[in-house]
Amino acid sequence: MGWTDERVELLKKLWQDGLSASQIAKQLGGVTRNAVIGKVHRLGLSGRAAPSKPARTVFKAPRPARPAPAAPSAPRRIAEPVAAMAPTPSPVRFVDEEPGMATVLTLGAHMCKWPIGDPALESFTFCGRRTGHEGPYCMEHSQVAYQPAQAKKKGSPAELARSLRRYI
DNA sequence: CCCTGATTCGC
DNA sequence: GCGAATCAGG
């Protein structure tokens with residue numbers, strides 16, 4: 001199928017309406033999204049009103065220089081923005097008795113990362129007790145976290161914990 | 001792995 | 001001019 005006037009008009013309209021190339025291709029039929037994109041470019045209407053996206057400047061923060069060859073066996077943990085900007089978490093304090101005393105700022109490497117409360121609230125904390133040798137959670141929470149049945153339920157503590165793992 | 005647009009290049 | 005392949009990103 002070639003680009004008849006009607007099809008080109010339709011393409012223009014749909015593209016201006018903000019449909020994606022693949023959606024347009026589907027609607028036109030007989031063309032792939034690549035064909036649509038190619039045509040869009042040839043027509044010179046590649047730019048579109050951005051519905052979302054605050055027109056990000058294409059700029060990448062340079063990688064922070066490597067600290068220095070640390071201990072070979074030290075677990076490699078990439079610093080998240082939050083952790084990176086936070087003041088150095090002063091001496092790690094485990095919370096052996098009362099769970100829920102650790103915040104994202106005070107949570108240390110070997111402190112239980114089990115979420116306590118609602119992450120949206122100020123009162124949100126992490127358990128903070130000692131973890132085992134490997135796991136991210138203390139003994140008690142490891143048991144809760146690694147129960148398959150419970151872990152699958154949406155909104156369960158285990159689910160929440162897992163979803164937060166990558167930020168810790 | 002799903003998707004997005006951008007670019008290249010043989011046709 | 002066309003669009004598949006590829007790239008770069010979300």
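Values reported hereafter were calculated over all heavy atoms of this structure, with side chains retained and with hydrogens, waters and symmetry mates removed. Naming convention: chains lettered A, B, ... in sequence-line order (proteins, then strands); numbering from 1 in each chain.
With rounding to whole Å, A:Leu43 atom CG is found 8 Å from C:dC2 atom P. The separation between A:His41 atom NE2 and B:dG5 atom P is 9 Å, rounded to whole Å.
A 4.5 Å side-chain heavy-atom check between A:Arg129 and A:Glu140 finds at least one atom pair inside the cut-off. With contacts defined as side-chain heavy-atom distances shorter than 4.5 Å, the pair A:Arg7/A:Met1 qualifies.
For the atom pair A:Met111 CE and A:Cys138 SG, the distance stands at 11.0 Å (nearest 0.5 Å).
Closest approach of A:Cys112 to A:Phe126, counting heavy atoms only: O-CB, 3.9 Å.
Within residues 22-37 of chain A, the residues having any heavy atom closer than 4.0 Å to DNA chain C are, in order of number, A:Thr32, A:Asn34, A:Ala35. Listed by residue number, the members of residues 3-13 of chain A with any heavy atom below 4.0 angstrom from DNA chain B form an empty set.
Distances shorter than 4.0 Å separate some side-chain N or O of A:Lys39 from OP1 or OP2 on C:dC2.
Using a 30° and 60° split on the angle between ring planes, A:His141 and A:Trp114 fall in the parallel class, below 30°.
Between the side chain of A:Gln23 and the backbone N or O of A:Ser20 there is at least one donor-acceptor pair closer than 3.5 Å.
Through side-chain heavy atoms spaced under 4.5 Å, either directly or across other Ile, Leu, Val, Met, Phe, Trp or Tyr residues, A:Ile24 is tied to A:Trp3, A:Val8, A:Leu10, A:Leu11, A:Leu14, A:Trp15, A:Leu19, A:Leu28, A:Val31, A:Val36, A:Val40, A:Leu43, A:Leu45.
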